[in-house]
Amino acid sequence: MPGPEFELPPQYDPRSVEPSLYRRWLDRGAFAPKDQGEPYVIVIPPPNVTAVLHVGHGLNNIIQDVLIRFERMRGRAAEWLPGTDHAGIATQNVVEKQLAAEGKTRFDLGREAFVERVWAFVRETGDTIIEQLKIIGCSCDWSRTRFTLDEAYSRSVREAFVTLWDEGLIYRGHRVIHWCPHCLTALSDEEAEHHDTSGNLYHITYPLADGSGSVTVATTRPETMFGDIGLVYHPKDRRYKAFKGKSVKIPLSGLVIPIGTDDAVDKAFGTGMLKVTPAHDANDFDIANRVWPKEDKPLILTEDGKMAGTGDGGRVPPELQGLDRFDARKKIVKLLEKEGLLVKVEQHQHAVRRCYRCDTVVEPRLSDQWFVKMKPLADPVLAAYRRGEFRIIPERWRATFENWMAGIRDWNISRQLWWGHRIPVFTCTKCQYQWASRTDPTACPECDGGGGPVEQDPDVLDTWFSSWLWPFATFGWPERTPDLARFYPGHTLVTAPEILQLWVSRMLMSGYHFMEQRPPFTTVYLTGTVRDTQHRKMSKSLGNGIDPRDVVQLYGTDALRWTLIGGGSLGADVIVDPSDLETTFAPGRNFANKLWNIGRFILSQLPVSVTPIDRIDRAQLTLADRWILARAQATIRETTTSLEQFRLDEAARRCYEFAWNELADWYVEAVKPRLAGGGPTVPQAVLAYCFDAALRLLHPVVPFISEELWQKLPGRAPDELLVVAEWPKPRPALDDAEADAEFGRVKTAIELIRSIRAEFRVSPKTRLRATIVARGGDRAATFSGERDTIQRLAHLESLATDGASDGQGVHAVFGAGSEVVVALEGAIDVQQECRRLSGEMTRLDQQLAALATKLTNESFVSRAPADVVAREREKERTWREQRNVLAGKLRALGCS
RNA sequence: GGGCGAAUAGCUCAGCGGUUCAGAGCGCCUGCCUUACACGCAGGAAGUCGGGGGUUCGAAUCCCUCUUCGCCCACCA
């Protein structure tokens, strides 16, 4: 009797289901960790508030969602902490761009108004990002959403800074750092990205001051020559021996500078003579400190990358002052050429550093910045990693991580920005005493009574100086909150490998340093990257980004998740085609629709109350019942193992095969006749059990469709939710290797009959008569017991399972010599059948020959494992029996 | 300059020493609107597993090498 489920439309419409389900989960508080139980904690890599997410972020967050849903169902107190990052440079950049469109700069607004303006922007985009996470189904604990610039979070940042200061790990460094002339701020080494660039190597003549000749210097940056304080060559370079102690004149300016020597010079590069520009090259800075430690290090470029003016020491010739550095380069080259001081220009491949936020070529620049001493922080982490206290998967990242940790350099944390955490360093204007403070001081602690006004450092902290505290600042550190006690240390961090150093390693360092030597997580899962078919990263500038909202609108969230999770194995890139969303996302949509229809059918067959599977008497089970129940056990085990091993793709595939190929294609089809009769409750119980298990197993990957169907299953309380339902456990009592093998034979027999039908172009409407002859290990009862199934699925009129083959019809051999014979009167001629069978024979003979070679090979028999040899022997026996049957058939037909 | 990854059907991928291991999805071909599903069902065609060499009784699977692509790191100006 068809139930009300037939009212359900035959086509699943995710749009009508997903938003309301998500709301139900929220209303029920399903994403909050339960009060009891062992915690499982993931902290989200907080997305920058600058931009909407694309499917690249989608992959990352969906992986986290699969893991958190899995562990939640397994009974852990699952905490997935969400939030966003204020993203200092990036955000300030975006807002400054907006201002520029209005013809304004941040200086027009002033610091306070500008920061207010950024806040307004951030509130808006932050909300969009959270919305997107919800749309793709993320089951974050929204009650604990954090932002790295929240008041409480800011206290954590300040605490970390002051602690490090007190420990002597923060210092003011005077050195050449990466400076972005567009963002007008210093950058860390990690924020200045290398880009291979094809440039020029200019060979420039520096005349000797005494007029006795000249030397040639090769440089990629002629515009910095006015900042030269000398030339150096390698002390062992004989070519320049005669120049020792001499001086040269800087071309175009005439300034006289000395020639020195330094070991750092590469004799083989360029001319072996290096110009030393200490204020605009980190390497030159070091050389200058060795060779001319007392010499000034003149800056000849302004902060925004222009040639310095007269006020800046007057080293730059007047006609070049104020020119942009690249325009200046061109002009200088021209001038040099005119004066005959340009020897040659060579093509030169080299890496140029660019700002990771605005892509401007970074200018090395001597300045004063705050640095963190990293070695004391990194060493314990490296040691802990080698002890195995946390792991990084895929394991291949080990070398990268270890090299970085071992060779770590101090971290420049000050940024000349307005958007971020103000550096809590204060200076007394009277006595110049400088200190870091957890609270804003009003007076200098060193001056007696009336100190001078106190000034705070104008700079802000590097964004990463706040996000490196994420795993514990989010839970209230430095206060000893219950959350902190419960959710630190966490478990899994899922993120992109490109921020392994920028973020992951620093979180580990802060974790070990501030949290009593405990790691913030035990597993770091480095995901692959979502790329287009040309293997390019998704990015706005390339126009190949896909907004997850578009995919969800077209195909549903489950389809999006299905493609991203199934698209690649652990840590592998996922390739999607932005120009063909249909092909990319249809498989997931199709699967969701298939589940929908399996559900529609099963639900229509189930009574209001279904017998639990453990109350079914095993004696009542048919072979097909036993088979699907055994398959369910295998699926439960394999899916669970795969998820435990972070093989989400494998888990997804396994469930898919169970639901679609095993349950729908075989069991449902096999069981239909038994259902139609309204007969016993056994098939209903089996269907309900298997479908329930499949939905549970699928839930982490396709949460919406699984939840929607699961709630419709009989016996559900109105408030029961799959999202917090129990993860299936295997029931050993339902394991059944025998049924697995026997039903496998039945399937094979059906497939052979279908093949024959198709080969002989017999319409399914024509009912055929067939015979199955069980031989070898096969039992006739296996086939007679499933007679109805075989007849129905192979479109047979009748099936004989007891008689011997009479040689009439089309034959196929399977198993250990068992045989299928399909009666096809008139449709076949003997010649054709002879050809077909001898073709089979040839194939079999080839396989047997190959096997014989193997088995007569003394080395194989003696050296291969015994079970492998045994298996090969068994295979040979089986094929030999098949061959015998075939040979008999050929004889009977009188084939030549 | 160093390190890493990938190369398997037209496309996107799985398999990573031995069970028909040469697979899946999409695409393609042939039948089917079989009352859950044409976003479907059934049956097919399709790859000398990038080239070469080696280890092994046995290699898509391990080692070396080459080619192509991609990524990360790097103070030769």
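Chain naming here is simple, since letters A, B, ... match the order of the sequence lines and numbering starts at 1 in each.
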K.L.:
For Arg396(A) and C16(B), what is the distance between atoms CZ and P respectively, to the nearest whole Å?
P.N.:
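Interatomic distance, CZ of Arg396(A) to P of C16(B): 16 Å.
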K.L.:
Say we look at C57(B) and A14(B): how far apart would their P atoms be, to the nearest angstrom?
P.N.:
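The answer is 32 Å between these two P atoms.
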K.L.:
What interatomic distance, in whole Å, is found between P of U56(B) and the corresponding atom of C29(B)?
P.N.:
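After rounding to an integer number of Å, I get 49 Å for this pair.
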K.L.:
Which value, in whole Å, describes the distance between the P atoms of nucleotides C76(B) and G3(B)?
P.N.:
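It comes out at 16 Å once rounded to the nearest Å.
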K.L.:
Considering just the side-chain nitrogens and oxygens of Lys875(A), establish if one lies under 4.0 Å of OP1 or OP2 belonging to U20(B).
P.N.:
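For Lys875(A), the contact criterion (side-chain N or O under 4.0 Å from OP1 or OP2 of U20(B)) is met.
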K.L.:
What pairs of residues pass the side-chain hydrogen bond (donor to acceptor under 3.5 Å, both in side chains) test when at least one of them lies in residues 264-282 of chain A, not counting sequence neighbours?
P.N.:
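The answer is Thr224(A)-Lys275(A), Asp228(A)-Lys275(A), Asp228(A)-Thr277(A), Lys275(A)-Thr277(A).
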K.L.:
If the sugar-phosphate is the primed atoms plus P, OP1 and OP2 and the base is the rest, what is the B/S/- string for nucleotides 71-77 of chain B, using protein heavy atoms under 4.0 Å?
P.N.:
SSSBBBB
K.L.:
Figure out the CG/P separation between Asn403(A) and C4(B), and round it to whole Å.
P.N.:
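Interatomic distance, CG of Asn403(A) to P of C4(B): 10 Å.
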K.L.:
By nearest atom, which of the nucleotides A14(B), G43(B), A42(B) is closest to the Ser755(A) side chain?
P.N.:
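Closest nucleotide among those given: G43(B).
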K.L.:
Taking only the side-chain nitrogens and oxygens of Lys765(A), find out if one of them lies under 4.0 Å from OP1 or OP2 of C33(B).
P.N.:
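So the side-chain polar atoms of Lys765(A) do come within 4.0 Å of the phosphate oxygens OP1 or OP2 of C33(B), strictly under.
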K.L.:
Determine, stepwise, if the pair Glu638(A) / Arg647(A) fulfils salt bridge (charged side-chain N to carboxylate O under 4.0 Å, His left out).
P.N.:
CA-CA 10 Å; Glu638(A) 288 162 25; Arg647(A) 286 303 308 267; over 6 Å; no
K.L.:
Can you list the residues that meet the salt bridge (Lys or Arg N to Asp or Glu O under 4.0 Å) rule with Arg15(A), with sequence neighbours excluded?
P.N.:
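Residues passing salt bridge (Lys or Arg N to Asp or Glu O under 4.0 Å) with Arg15(A): Asp13(A).
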K.L.:
According to the Watson-Crick and G-U wobble definition with distances under 3.5 Å, which dot-bracket string, read 5' to 3', encodes RNA chain B, using [ ] for crossing pairs and | for pairs with another strand?
P.N.:
((((((((.[[[[.)..(....]]]].(((((.......))))).....[[[[[..)....]]]]])))))))....
K.L.:
Taking only the side-chain heavy atoms of Ala572(A) (C-beta and beyond), determine which of A14(B), A36(B), U12(B) contains the nearest atom.
P.N.:
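The answer is A14(B).
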K.L.:
Could you run through nucleotides 24-31 of chain B and give me one letter per nucleotide, 5' to 3': B if any protein heavy atom sits under 4.0 Å from the base, S if only the sugar-phosphate is that close, - if neither?
P.N.:
-SS---S-
K.L.:
List in chain and number order the residues that pass side chain to side chain donor-acceptor pair (under 3.5 Å) with His203(A), two or more places apart in sequence or in another chain; answer none if no residue qualifies.
P.N.:
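So His203(A) forms a side chain to side chain donor-acceptor pair (under 3.5 Å) with Glu346(A).
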K.L.:
Just by distance, no angles: are the side chains of Arg654(A) and Thr639(A) close enough, under 3.5 Å, to form a donor-acceptor pair?
P.N.:
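No, no side-chain donor-acceptor pair sits under 3.5 Å.
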K.L.:
Compute whether any side-chain donor of one residue and acceptor of the other, for His178(A) and Asp189(A), lie under 3.5 angstrom apart.
P.N.:
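Their side chains do contain a donor-acceptor pair, which is all the 3.5 Å distance test asks for.
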K.L.:
Verify whether one side chain among Tyr356(A) and Glu193(A) offers a donor that lies under 3.5 Å from an acceptor in the other.
P.N.:
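Not at all, the side chains of Tyr356(A) and Glu193(A) share no donor-acceptor pair under 3.5 Å.
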K.L.:
In whole angstrom, give me the gap between the C1' atoms of C28(B) and G18(B).
P.N.:
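These two C1' atoms come out 34 Å apart once rounded.
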K.L.:
If we take the P atom in both A38(B) and G27(B), what is their distance in whole Å?
P.N.:
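Their P atoms lie roughly 15 Å apart.
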K.L.:
Could you check whether Val176(A) gets within reach of a base, just the sugar-phosphate, or nothing at all, counting any heavy atom under 4.0 Å?
P.N.:
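Answer is nothing: Val176(A) stays at 4.0 Å or more from every strand.
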K.L.:
Could you list the donor-acceptor pairs under 3.5 angstrom formed between side-chain atoms of residues 789-796 of chain A and any protein atom two or more places apart in sequence or on another chain?
P.N.:
from: Thr789(A); atom 1: OG1; to: Glu786(A); atom 2: OE1; distance (Å): 2.8
from: Gln791(A); atom 1: OE1; to: Leu799(A); atom 2: N; distance (Å): 3.3

K.L.:
Is the charged tip of Arg836(A) near the ring of Phe760(A): under 6.0 Å from the six-membered ring centre and within 45° of its axis?
P.N.:
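No, cation not above the ring by the 6.0 Å, 45° rule.
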K.L.:
Select base, sugar-phosphate, or nothing to describe what Asp867(A) touches, counting heavy atoms under 4.0 Å on all strands.
P.N.:
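No contact.
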K.L.:
Is there a residue in residues 852-866 of chain A whose heavy atoms reach under 4.0 Å of RNA chain B, and which residues are they?
P.N.:
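Residues of residues 852-866 of chain A under 4.0 Å from RNA chain B: Asn857(A), Ser859(A), Phe860(A), Arg863(A), Ala864(A), Pro865(A).
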K.L.:
Name all residues meeting the side chain to side chain donor-acceptor pair (under 3.5 Å) criterion together with Asp558(A); count only those two or more places apart in sequence or in a different chain, and write none if there are none.
P.N.:
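Checked Asp558(A) against side chain to side chain donor-acceptor pair (under 3.5 Å); zero matches.
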K.L.:
Grab the CZ-C1' distance between Arg877(A) and U19(B) for me, whole Å please.
P.N.:
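Taking CZ of Arg877(A) and C1' of U19(B), I get 15 Å after rounding.
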K.L.:
Send over the distance from Glu402(A) CD to G2(B) P, rounded to a whole Å.
P.N.:
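Taking atom P of G2(B) as the reference, CD of Glu402(A) is at 21 Å.
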K.L.:
Under the salt bridge (Lys or Arg N to Asp or Glu O under 4.0 Å) test, which residues partner Lys747(A), sequence neighbours left out?
P.N.:
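Per chain and number, Lys747(A) pairs via salt bridge (Lys or Arg N to Asp or Glu O under 4.0 Å) with no residue.
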K.L.:
Could you measure between the two P atoms, the one in C37(B) and the one in C16(B), and give it in whole Å?
P.N.:
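Their P atoms lie roughly 38 Å apart.
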K.L.:
When the distance from CZ of Phe760(A) to C1' of A42(B) is rounded to whole Å, what number comes out?
P.N.:
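Distance check: Phe760(A) CZ to A42(B) C1' gives 17 Å.
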K.L.:
Rounded to whole Å, please give me the gap between CD1 in Ile602(A) and C1' in C37(B).
P.N.:
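It is 12 Å, rounded to the nearest whole Å.
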K.L.:
With distance as the sole criterion, do the side chain of Glu669(A) and the base of A36(B) form a donor-acceptor contact below 3.5 Å?
P.N.:
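Indeed, a donor on one side and an acceptor on the other fall under 3.5 Å apart.
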K.L.:
At 4.0 Å (heavy atoms only), tell me whether Arg654(A) reaches a base, stays on the sugar-phosphate, or touches nothing.
P.N.:
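Arg654(A): no heavy atom of the nucleic acid under 4.0 Å.
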K.L.:
Just checking Arg589(A): base, sugar-phosphate only, or nothing, at a heavy-atom cut-off of under 4.0 Å?
P.N.:
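Touches a base.
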K.L.:
With C1' as the reference atom in both, quote the distance from C21(B) to C49(B) in angstrom, rounded to an integer.
P.N.:
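That atom pair is separated by 10 Å.
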K.L.:
More 5' along RNA chain B: Glu759(A) or Val576(A), using each one's nearest nucleotide?
P.N.:
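So the residue in question is Val576(A).
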K.L.:
Report the C-alpha distance between Ile204(A) and Val343(A) in whole Å, list the side-chain angles of each, state the deciding distance to 0.1 Å, and finish with yes or no for side chain to side chain contact (heavy atoms under 4.5 Å, CB included).
P.N.:
CA-CA 6 Å; Ile204(A) 300 168; Val343(A) 180; over 6 Å; no
K.L.:
Measuring from atom CG of Leu648(A) to atom CZ of Arg561(A), what distance do you get when rounded to the nearest 0.5 angstrom?
P.N.:
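Those atoms lie 10.5 Å apart.
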K.L.:
Please give the distance between the P atoms of U34(B) and A42(B) as a whole number of Å.
P.N.:
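Result for the P pair: 14 Å, nearest Å.
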K.L.:
Considering residues at least two apart in sequence or located in another chain, which fulfil the salt bridge (Lys or Arg N to Asp or Glu O under 4.0 Å) criterion with Arg761(A)?
P.N.:
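Residues passing salt bridge (Lys or Arg N to Asp or Glu O under 4.0 Å) with Arg761(A): none at all.
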K.L.:
Among side-chain atoms of Tyr555(A) and Glu582(A), is any donor-acceptor pair under 3.5 angstrom?
P.N.:
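Looking only at side-chain atoms, Glu582(A) and Tyr555(A) do form a donor-acceptor pair, the distance falling under 3.5 Å.
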K.L.:
Between atom CG in Leu560(A) and atom P in C39(B), what is the gap in whole Å?
P.N.:
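One finds 21 Å between P of C39(B) and CG of Leu560(A), rounded.
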K.L.:
Under the side chain to side chain contact (heavy atoms under 4.5 Å, CB included) test, which residues partner Arg531(A), sequence neighbours left out?
P.N.:
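Here the qualifying residues are Thr529(A), His535(A), Lys537(A), Asp573(A), Ile575(A).
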K.L.:
How many Å lie between CG on Asp577(A) and P on C13(B), as a whole number?
P.N.:
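Computing the Asp577(A):CG to C13(B):P distance gives 11 Å.
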